[in-house]
Visitor: 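Please find one structure pasted underneath; my questions will follow.
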Amino acid sequence: MSLTRLISIASVLALTACQSVPKAQASKLSSEPDAAQTQAIKLAVHKAMGRSDLAMDPGRLVDTSILRVRPVAVQGLTDRVPGTPTNFTLMSVGGTCFLLEAGGGMRIELPDMQCR
């Protein structure tokens, strides 16, 4: 076989291998998260964002792929909120679920969740 033929075969194989990698897609949770799963999602988000003063409803991920994380308002000062909401999209690749920050690079792994 000539060197040119080997190079073209190798190129075709390399391009084919790149196309077989699964891409992440927006997902939803397969079922309503129980109390432990809800707490695990909240803990993962709090840890990743480095804040404990955040409010969210992980149960909505059954109906939508968007998780809105809001800072908690300062007690007694309802017009004072320390920060802006952050949106995450629930994504999946193969059997792995994760939250991906909208417009940012933060990725939060959710290893014990079932996505559809």
Side-chain angles (χ1 to χ4, degrees):
M1 248 188 218
S2 70
L3 181 59
T4 307
R5 187 167 173 100
L6 285 175
I7 290 173
S8 57
I9 290 172
S11 297
V12 168
L13 290 175
L15 289 173
T16 305
C18 292
Q19 292 175 354
S20 65
V21 175
K23 293 187 178 187
Q25 60 185 16
S27 298
K28 298 176 185 174
L29 290 179
S30 297
S31 61
E32 187 75 28
D34 62 20
Q37 290 172 324
T38 298
Q39 188 60 29
I41 293 170
K42 288 181 177 182
L43 185 61
V45 172
H46 287 186
K47 185 176 177 182
M49 293 183 73
R51 295 181 64 170
S52 60
D53 61 336
L54 301 170
M56 67 198 87
D57 182 10
R60 295 194 60 211
L61 290 172
V62 173
D63 300 320
T64 180
S65 60
I66 304 298
L67 176 66
R68 178 165 281 209
V69 178
R70 300 171 309 278
V72 177
V74 176
Q75 187 73 14
L77 301 173
T78 56
D79 63 337
R80 311 258 174 153
V81 178
T84 58
T86 303
N87 289 326
F88 290 92
T89 302
L90 182 64
M91 306 288 288
S92 67
V93 169
T96 305
C97 297
F98 59 94
L99 292 169
L100 186 62
E101 179 185 14
M106 190 181 316
R107 177 180 166 145
I108 303 171
E109 298 294 329
L110 301 174
D112 297 329
M113 302 295 154
Q114 296 294 321
C115 294
R116 57 177 162 99

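Every heavy atom of this structure was used, including side-chain atoms; hydrogens, water molecules and symmetry mates were not. The chain is numbered in sequence order, starting from 1.
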Visitor: Just how far is it from atom CZ of Arg116 to atom SG of Cys97, taken to the nearest 0.5 Å?
Guide: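 Nearest 0.5 Å value for the CZ-SG distance: 11.0 Å.
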Visitor: Which pair of heavy atoms, one from Lys28 and one from Val62, lies closest together, and at what distance?
Guide: CD-O, 3.6 Å
Visitor: Check Leu99 against Leu67 and note the closest heavy-atom contact, atom names and distance.
Guide: CD1-CD2, 3.8 Å
Visitor: Roughly how far, to the nearest 0.5 Å, is CG of Asp63 from CG of Leu29?
Guide: 10.0 Å
Visitor: Quick check for you: to the nearest 0.5 Å, what is the distance between Met91 atom CE and Ser27 atom OG?
Guide: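 OG of Ser27 is found 7.0 Å from CE of Met91.
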Visitor: Ignoring hydrogens and geometry, is there a side-chain-to-backbone donor-acceptor pair from Thr89 to Asn87 under 3.5 Å?
Guide: no
Visitor: Would you say Ser30's side chain and Gln114's backbone share a donor-acceptor pair under 3.5 angstrom?
Guide: yes
Visitor: Hydrophobic cluster membership, with links at side-chain heavy-atom distances under 4.5 Å among I/L/V/M/F/W/Y: are Val69 and Leu61 in one?
Guide: yes
Visitor: To check you understand the geometry: which heavy-atom pair defines the closest contact between Ile108 and Ala44, and what is its length?
Guide: CG2-CB, 3.7 Å
Visitor: Kindly give the heavy-atom pair with the smallest separation between His46 and Ser52, and that separation in Å.
Guide: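 Minimum heavy-atom separation between His46 and Ser52: CE1-O, 3.7 Å.
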Visitor: Got Leu54 and Thr86 here, is their nearest side-chain heavy-atom distance under 4.5 Å?
Guide: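 Not in contact.
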Visitor: Pair Gln37, Asp112 - check side-chain contact (heavy atoms from CB on, under 4.5 Å), show working.
Guide: CA-CA 8 Å; Gln37 290 172 324; Asp112 297 329; 5.8 Å; no
Visitor: Out of Leu110, Ile41, Leu100, Ile66, which one pairs with Leu90 under the side chain to side chain contact (heavy atoms under 4.5 Å, CB included) rule?
Guide: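 One option only clears the test, and that one is Leu110.
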Visitor: Ignoring hydrogens and angles, tell me if any N or O in the side chain of Arg68 forms a donor-acceptor pair with the backbone of Met56 under 3.5 Å.
Guide: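 Side chain of Arg68 to backbone of Met56, a donor-acceptor pair under 3.5 Å: no, none is there.
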Visitor: For the residue pair Cys115 and Ser92, what are the closest heavy atoms and their distance?
Guide: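 Minimum heavy-atom separation between Cys115 and Ser92: CB-CB, 4.0 Å.
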Visitor: To check you understand the geometry: which heavy-atom pair defines the closest contact between Met106 and Met49, and what is its length?
Guide: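 Looking at all heavy atoms of both residues, the closest pair is SD-CG, 3.9 Å.
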